[in-house]
Amino acid sequence: MPNEPIPEALGPDALSNLTLKAPKTVATGFPAVAASMRHAWSLAGVGRGTRALLLLNQPGGIDCTSCAWPDPDTDRATAEFCENGAKAIAWETDSRRIDAAFFAEHSIDELGQQTDYWHGQQGRLTEPMVLRPGSRHYQPISWDDAFALIANELNGLASPDEAAFYTSGRTSNEAAFLYQLCVRQFGTNNLPDCSNMCHESSSIALPEVIGIGKGTVKLDDFEKAELILILGQNPGTNHPRMLTALQKAKRAGAAIVAINPLKEAGLLAFSNPQEIRGMLGFSTPLADQYLQVRIGGDQALLQGVLKSLLARDAVDRMFVEEHTDGFEAMKAGIGEVTWEQIESVSGLARADIELLAGRVAKAERIIVCWAMGLTQHKHSVVTIQEIVNVLLLRGSIGKPGAGVCPVRGHSNVQGDRTMGIYEKPSEPFLKALDDEFHFTAPRPHGLDTVNTIRAMRDGRVKIFFAMGGNFLSATPDTNATAAALQKTRLTVQVSIKLNRSHLVCGQTALILPCLGRTERDSQASGDQFVTTENSMGVIQRSQGKFDPASPHLLSEPAIVARLASATLGAKSTVPWNELVSNYDFIRDRIERVVPGFDGYNRRVRESGGFYLPNKPREGQYPTATGKARFRANPLATLDLEPDELVMMTIRTHDQFNTTVYGMHDRYRGIHNERRVILMHADDIRERGLKVGEIVNLTSHFQSELRHAPRFVVVEYDVPRGCTATYFPETNVLVPLDSIADRSGTPTSKYVRITVARAVKE
Ligand SMILES: Nc1nc2c(c(=O)[nH]1)N[C@H]1C(S)=C(S)[C@@H](COP(=O)(O)OP(=O)(O)OC[C@H]3O[C@@H](n4cnc5c(=O)[nH]c(N)nc54)[C@H](O)[C@@H]3O)O[C@H]1N2
Ligand SMILES: Nc1nc2c(c(=O)[nH]1)N[C@H]1C(S)=C(S)[C@@H](COP(=O)(O)OP(=O)(O)OC[C@H]3O[C@@H](n4cnc5c(=O)[nH]c(N)nc54)[C@H](O)[C@@H]3O)O[C@H]1N2
Ligand SMILES: [Mo]
């Protein structure tokens with residue numbers, strides 16, 4: 001059962017002044033550029049802010065720290081950034097500072113009572129800090145003492161598996177490679193990462209059926225596509241530069257179909273702020289068809305499309321025979337599903353699904369994009385495999401203008417995986433690591449994110465180290481995670497700004513402040529650049545240009561090298577200091593361990609970087625059978641009790657995951673308040689509630705109940721029975737054990753709740 005709430009874990013639940021406006025029907029346009037500039041200037045100052053923006057996503061410049069959407073291979077606009085990229089950069093280039101005096105003044109209890117927004121507004125961390133057992137204030141500690149403390153704790157464990165090493169997706173390839181090497185030399189595969197909560201379902205679903213866990217399309221495929229489906233993604237907020245690609249696709253004649261319980265502005269229409277027409281307010285309509293599917297109803301919808309395609313005999317026979325297996329079994333499976341089931345689970349009318357199927361039947365070049373609306377469900381893996389079923393049926397993969405496009409989140413989350421940040425590493429990867437560094441990497445699989453929380457709770461993991469991120473707030477079941485973290489001996493956070501994971505921590509806690517991606521990284525051989533991999537498998541360079549926020553900051557690769565030297569000492573077979581003296585040396589090692597990086601140092605210096613090999617893109621499918629595989633997956637049904645609603649936890653337009661930039665969700669018309677619950681008018685009325693009323697939310701999982709007090713009811717155009725709240729405020733309601741089949745991803749988009757009027761105190 002869930003633990004008693006830990007106040008600092010949740011932050012305040014006070015409500016401010018909610019104002020509601022009509023949801024927008026067009027994304028971006030002039031206000032977005034104005035908003036970006038305002039943000040960059042208010043935090044970083046005018047000169048620094050403008051310079052940062054002009055360097056974003058330019059050859060030789062800084063890879064944007066916001067999302068993983070790719071840059072055009074050639075022809076980059078002078079301003080290759082978006083409003084939310086600008087917010088991310090402004091947040092990092094903040095001119096304010098947090099020093100030892102700040103922590104002397106504020107106890108962790110006091111800081112825990114502040115909002116996430118407030119935490120982000122205090123400025124950049126400037127020196128290593130330690131929280132000693134029993135103390136409520138962080139105190140300064142030298143880097144040497146900090147590493148000695150960690151080494152002493154790690155080496156005191158009964159087994160290396162009693163430590164877990166988390167990674168968030170902003171870490172560069174170079175830092176990630178060194179980090180996993182250090183962890184494996186220490187002796188464990190406990191490398192949970194944010195991917196476990198993000199696109200893990202895609203990473204499990206895709207290799208089985210197409211032989212690679214990544215997308216197969218390139219940016220220029222969008223202009224060649226006839227049909228683009230976008231499921232469970234809100235690109236206007238989370239991948240704004242994708243709208244430019246969609247606009248180009250539309251102009252080249254593609255049709256777009258949006259599948260989403262909410263009518264998101266960025267899927268309806270786009271007014272491009274980088275064009276005169278856009279500045280003048282002209283917009284390009286995007287979605288030709290909008291299917292407001294019920295939350296969790298996508299598998300049913302896709303099975304409906306398959307059923308209709310089969311009935312029309314819209315099958316690319318040549319492709320199916322030559323390149324696939326499993327067609328007959330899939331066909332038989334779909335034959336058993338009835339339209340009645342499809343309509344009831346998806347919440348959509350057969351006629352609308354047939355209309356979509358008609359578009360699919362006519363198109364030969366189809367791209368399917370998806371994000372968290374598809375991956376954070378119990379049945380995510382099979383749903384993603386239905387997408388592949390549709391594409392294979394139409395022969396729409398392995399050729400220009402066609403394929404799968406899982407749109408990644410963090411700017412280097414895909415690269416971190418390529419570098420070996422994975423709790424279930426493949427044998428060939430470990431063998432290559434062994435050969436290169438002359439040791440034997442551990443073979444047993446390690447802990448993912450949810451299993452790390454369980455292991456801390458049960459006392460099996462005693463040390464938690466985080467390379468970036470905000471583990472406490474990003475993970476499910478905030479109270480359970482808080483209690484789990486508090487049971488550990490030591491938590492270490494490598495961070496650039498204050499967050500809640502610094503405040504709810506182990507008996508001893510360390511904050512290790514590091515350089516951000518915008519900052520100059522000087523090592524023994526001079527200034528360094530790092531590399532990242534975007535959502536389409538392009539490896540590119542990123543070089544920080546700004547003075548570091550403080551002279552005491554270390555780069556992430558340097559932190560890993562010093563951690564490794566302190567912990568492993570003479571036992572290690574890796575020349576840590578030498579590797580960090582010049583990141584070219586790290587890249588030389590990566591080239592020898594990870595396939596596809598031939599000529600790494602040379603090719604990444606070429607403008608635009610290079611593409612990693614992607615066999616399905618060339619029409620080869622390295623699966624168990626060497627063919628692309630249809631899957632017959634029975635339709636999963638989702639049962640709710642009569643008064644229950646389904647809640648999805650989503651992002652506002654003013655946040656990056658747990659980082660809150662501001663209090664507005666501009667496109668959805670929700671201002672000055674994050675503790676809101678979006679509900680259908682009839683669901684509000686049925687419960688005798690009113691818009692603007694304060695309600696308490698309770699989630700139901702098996703026999704467990706979890707509570708989140710004080711949310712304002714907002715009426716919204718959402719299917720009956722479906723609701724939305726913002727992450728991380730409602731993570732407290734996401735049960736730790738409610739995870740996706742096979743991928744272990746928390747079901748953050750499918751939480752069963754009841755809503756009750758808050759009783760006046
Ligand atoms: N500005 C900004 N950019 C970001 C981020 C950020 O927080 N801020 N986060 C980054 C990260 S790590 C990630 S992973 C991505 C996240 O990018 P998204 O996946 O776009 O983010 P969410 O807000 O979780 O939105 C999920 C969308 O799925 C829909 N949805 C929910 N449930 C269902 C369902 O069952 N079916 C369907 N069809 N749709 C559903 C929701 O209505 C919403 O539109 O963005 C990245 N980029
Ligand atoms: N309920 C619910 N929960 C979710 C989700 C959801 O949709 N709903 N989404 C999930 C998803 S998709 C993801 S990816 C996770 C995100 O989980 P995380 O990646 O753990 O969380 P972030 O909020 O992205 O991490 C923000 C912190 O990273 C640190 N940081 C920023 N830049 C740097 C840097 O350059 N170096 C270092 N070392 N630190 C840096 C800052 O200190 C900041 O406080 O959350 C997941 N949690
Ligand atoms: Mo993510």
Side-chain angles (χ1 to χ4, degrees), residues 65-69 82-85 87-88 91-92 116 119-120 125 166-172 175 193-199 230-240 258-264 266-267 291-298 301 370-377 383 407-411 413 449 466-476 493-502 512-519 556 559 646 648-659 661 718 722 724-731 733-734 745-746 748-751:
T65 52
S66 195
C67 73
W69 189 255
C82 70
E83 176 189 0
N84 281 336
K87 287 180 198 163
W91 186 81
E92 180 175 311
D116 296 324
H119 291 156
L125 297 161
Y166 176 72
T167 312
S168 167
R170 208 171 275 190
T171 297
S172 65
D193 72 343
C194 69
S195 248
N196 298 142
M197 298 179 273
C198 184
H199 261 293
I230 305 169
L231 295 94
Q233 192 199 349
N234 178 21
T237 286
N238 297 312
H239 305 90
I259 297 163
N260 198 307
L262 301 181
K263 284 213 160 164
E264 305 283 25
L267 294 167
L291 291 166
Q292 278 187 278
V293 69
R294 184 168 291 160
I295 298 174
D298 302 85
L301 163 66
W370 70 90
M372 296 306 101
L374 245 61
T375 62
Q376 298 173 334
H377 285 280
T383 302
V407 184
R408 302 279 161 178
H410 265 298
S411 52
V413 62
T449 292
M467 184 56 80
N470 183 0
F471 192 83
L472 168 75
S473 301
T475 52
Q493 302 285 337
V494 180
S495 308
I496 64 171
K497 280 199 167 179
L498 180 67
N499 68 43
R500 215 165 280 284
S501 298
H502 303 136
L512 306 182
C514 68
L515 292 174
R517 204 182 280 168
T518 55
E519 288 162 326
E556 290 183 0
I559 288 177
V646 180
M648 53 179 172
T649 56
I650 56 176
R651 295 156 169 79
T652 70
H653 194 64
D654 256 0
Q655 73 183 84
F656 190 94
N657 299 340
T658 68
T659 297
Y661 299 132
V718 60
C722 297
T725 57
Y726 299 136
F727 136 65
E729 281 79 357
T730 43
N731 282 37
L733 296 174
V734 185
T745 298
S748 316
K749 295 289 186 275
Y750 198 95
V751 184

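Both counts, for ligands and for their atoms, begin at 1 and track the order of listing.
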Engineer: How does Asp298 reach ligand 1, by side chain, by backbone, by both or by neither, if only non-hydrogen atoms under 4.0 Å count?
Structural biologist: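 For Asp298, the contact with ligand 1 is made by the side chain alone.
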Engineer: So if I count the atoms of ligand 1 from 1 in the order they appear, which ones are less than 4.0 Å from some heavy atom of Ile295?
Structural biologist: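 Going through ligand 1 atom by atom, the ones under 4.0 Å from Ile295 are 35 (O).
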Engineer: Starting from the C-alpha separation in whole Å, work towards a yes-or-no answer on side-chain hydrogen bond (donor to acceptor under 3.5 Å, both in side chains) for His199 and Thr375.
Structural biologist: CA-CA 6 Å; His199 261 293; Thr375 62; 5.0 Å; no
Engineer: Under the criterion side-chain hydrogen bond (donor to acceptor under 3.5 Å, both in side chains), I'd like the reasoning laid out for His502 against Ser495: C-alpha separation, chi angles, the key distance, then a yes or no.
Structural biologist: CA-CA 9 Å; His502 303 136; Ser495 308; 2.8 Å; yes
Engineer: Is Val293 touching ligand 1 with its side chain, its backbone, both, or neither, if touching means heavy atoms under 4.0 Å apart?
Structural biologist: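 Only the side chain of Val293 comes within reach of ligand 1.
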Engineer: Give the numbers and elements of all ligand 1 atoms closer than 4.0 Å to a heavy atom of Gly232.
Structural biologist: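 So the answer, numbered in order with elements, is 19 (O), 26 (C), 27 (C), 28 (O), 29 (C), 37 (C), 38 (N), 39 (N), 40 (C).
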Engineer: Can you tell me if Asn470 uses its side chain to pair, donor with acceptor, with the backbone of Ser501 under 3.5 Å?
Structural biologist: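 Looks like yes, one N/O pair under 3.5 Å.
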Engineer: Checking Thr658 against Ser473 for the side-chain hydrogen bond (donor to acceptor under 3.5 Å, both in side chains) test, could you report, in this order, the C-alpha distance in whole Å, the side-chain angles of both residues, the deciding distance, and whether it holds?
Structural biologist: CA-CA 6 Å; Thr658 68; Ser473 301; 5.5 Å; no
Engineer: Does Asn238 offer a backbone N or O that forms a donor-acceptor pair with the side chain of Asn84 under 3.5 Å?
Structural biologist: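 Such a contact is absent between Asn84 side chain and Asn238 backbone.
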Engineer: Within ligand 1, which atoms have a heavy atom of Cys67 less than 4.0 Å away?
Structural biologist: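 In order of numbering, the contacting atoms are 47 (N).
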Engineer: For Lys497, check salt bridge (charged side-chain N to carboxylate O under 4.0 Å, His left out) against everything at least two apart and list the hits.
Structural biologist: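 Listed in chain order: Asp94.
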Engineer: Mind checking whether His377 has a heavy atom under 4.0 Å from ligand 1?
Structural biologist: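 Yes, that is the case, since the closest heavy atom of the residue is under 4.0 Å from the ligand.
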Engineer: Name the orientation class of the two ring planes belonging to Tyr166 and Phe471 (parallel below 30°, tilted from 30 to 60°, perpendicular beyond 60°).
Structural biologist: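 The arrangement is perpendicular - the two ring planes meet at more than 60°.
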Engineer: Between the side chain of Glu556 and the main-chain N/O of Met467, is any donor-acceptor distance below 3.5 Å?
Structural biologist: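 Answer holds: no.
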Engineer: Taking a 3.5 Å cut-off between nitrogen or oxygen atoms, can you list every pair linking ligand 2 to the protein, with distances?
Structural biologist:
unit_1: ligand 2; atom_1: 1 (N); unit_2: Thr649; atom_2: OG1; d: 2.9
unit_1: ligand 2; atom_1: 1 (N); unit_2: Asn731; atom_2: OD1; d: 2.8
unit_1: ligand 2; atom_1: 3 (N); unit_2: Asn731; atom_2: ND2; d: 3.2
unit_1: ligand 2; atom_1: 7 (O); unit_2: Gln376; atom_2: OE1; d: 3.2
unit_1: ligand 2; atom_1: 7 (O); unit_2: Gln376; atom_2: NE2; d: 3.4
unit_1: ligand 2; atom_1: 7 (O); unit_2: Arg651; atom_2: NH1; d: 3.1
unit_1: ligand 2; atom_1: 7 (O); unit_2: Lys749; atom_2: NZ; d: 3.0
unit_1: ligand 2; atom_1: 8 (N); unit_2: Thr649; atom_2: OG1; d: 3.0
unit_1: ligand 2; atom_1: 9 (N); unit_2: Gln376; atom_2: NE2; d: 3.3
unit_1: ligand 2; atom_1: 9 (N); unit_2: Arg651; atom_2: NH2; d: 3.1
unit_1: ligand 2; atom_1: 19 (O); unit_2: Ser168; atom_2: OG; d: 2.7
unit_1: ligand 2; atom_1: 19 (O); unit_2: His410; atom_2: NE2; d: 2.9
unit_1: ligand 2; atom_1: 20 (O); unit_2: Tyr166; atom_2: OH; d: 2.7
unit_1: ligand 2; atom_1: 20 (O); unit_2: Asn470; atom_2: N; d: 3.0
unit_1: ligand 2; atom_1: 23 (O); unit_2: Thr658; atom_2: N; d: 2.9
unit_1: ligand 2; atom_1: 23 (O); unit_2: Thr658; atom_2: OG1; d: 2.6
unit_1: ligand 2; atom_1: 24 (O); unit_2: His410; atom_2: NE2; d: 2.9
unit_1: ligand 2; atom_1: 24 (O); unit_2: Asn657; atom_2: ND2; d: 3.1
unit_1: ligand 2; atom_1: 28 (O); unit_2: Gly469; atom_2: N; d: 3.1
unit_1: ligand 2; atom_1: 32 (N); unit_2: Arg170; atom_2: NH1; d: 3.0
unit_1: ligand 2; atom_1: 36 (N); unit_2: Glu556; atom_2: OE2; d: 2.6
unit_1: ligand 2; atom_1: 38 (N); unit_2: Val494; atom_2: O; d: 3.1
unit_1: ligand 2; atom_1: 38 (N); unit_2: Glu556; atom_2: OE2; d: 2.8
unit_1: ligand 2; atom_1: 42 (O); unit_2: Lys497; atom_2: N; d: 3.4
unit_1: ligand 2; atom_1: 42 (O); unit_2: Lys497; atom_2: O; d: 3.3
unit_1: ligand 2; atom_1: 44 (O); unit_2: Asn499; atom_2: ND2; d: 2.7
unit_1: ligand 2; atom_1: 47 (N); unit_2: Ala474; atom_2: O; d: 2.6

Engineer: Without swapping roles, check the side chain of Gln376 against the backbone of Pro746 for a donor-acceptor pair under 3.5 Å.
Structural biologist: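 Absent.
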Engineer: Is the side chain of Thr730 donor-acceptor paired with the backbone N or O of Leu733 at a distance under 3.5 Å, no angle test?
Structural biologist: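 No, Thr730 side chain to Leu733 backbone: no donor-acceptor pair under 3.5 Å.
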Engineer: Quick one: which ligand 1 atoms are inside 4.0 Å of a heavy atom on Gly296?
Structural biologist: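 Reading through ligand 1 atom by atom, the close ones are 34 (C), 35 (O).
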Engineer: Within a distance under 4.0 Å of any heavy atom of Thr237, pick out the atoms of ligand 1 and give their elements.
Structural biologist: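 Contacts of ligand 1 toward Thr237, numbered from 1: 1 (N), 2 (C), 3 (N).
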Engineer: When you look for heavy atoms under 4.0 Å from ligand 1, do you find them on the side chain of His239, its backbone, both, or neither?
Structural biologist: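 The answer is the side chain.
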Engineer: For Asn84, is at least one N or O under 3.5 Å away from an N or O on ligand 1?
Structural biologist: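 Yes, since at least one N or O of Asn84 sits under 3.5 Å from an N or O of ligand 1.
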Engineer: Can you tell me if Gln292 uses its side chain to pair, donor with acceptor, with the backbone of Pro261 under 3.5 Å?
Structural biologist: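 Yes; judged by distance alone, with no hydrogens or angles, the pair exists.
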Engineer: Leu262 to ligand 1: N or O pair under 3.5 Å?
Structural biologist: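 No, Leu262 has no N/O under 3.5 Å of an N/O on ligand 1.
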Engineer: Is it the side chain, the backbone, both or neither of Glu264 that has a heavy atom closer than 4.0 Å to ligand 1?
Structural biologist: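 Answer for Glu264: side chain.
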Engineer: Can any side-chain N or O of Glu92 pair as donor or acceptor with the backbone N or O of Ile496 at less than 3.5 Å?
Structural biologist: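 Pair absent, no side-chain N/O of Glu92 close to backbone of Ile496.
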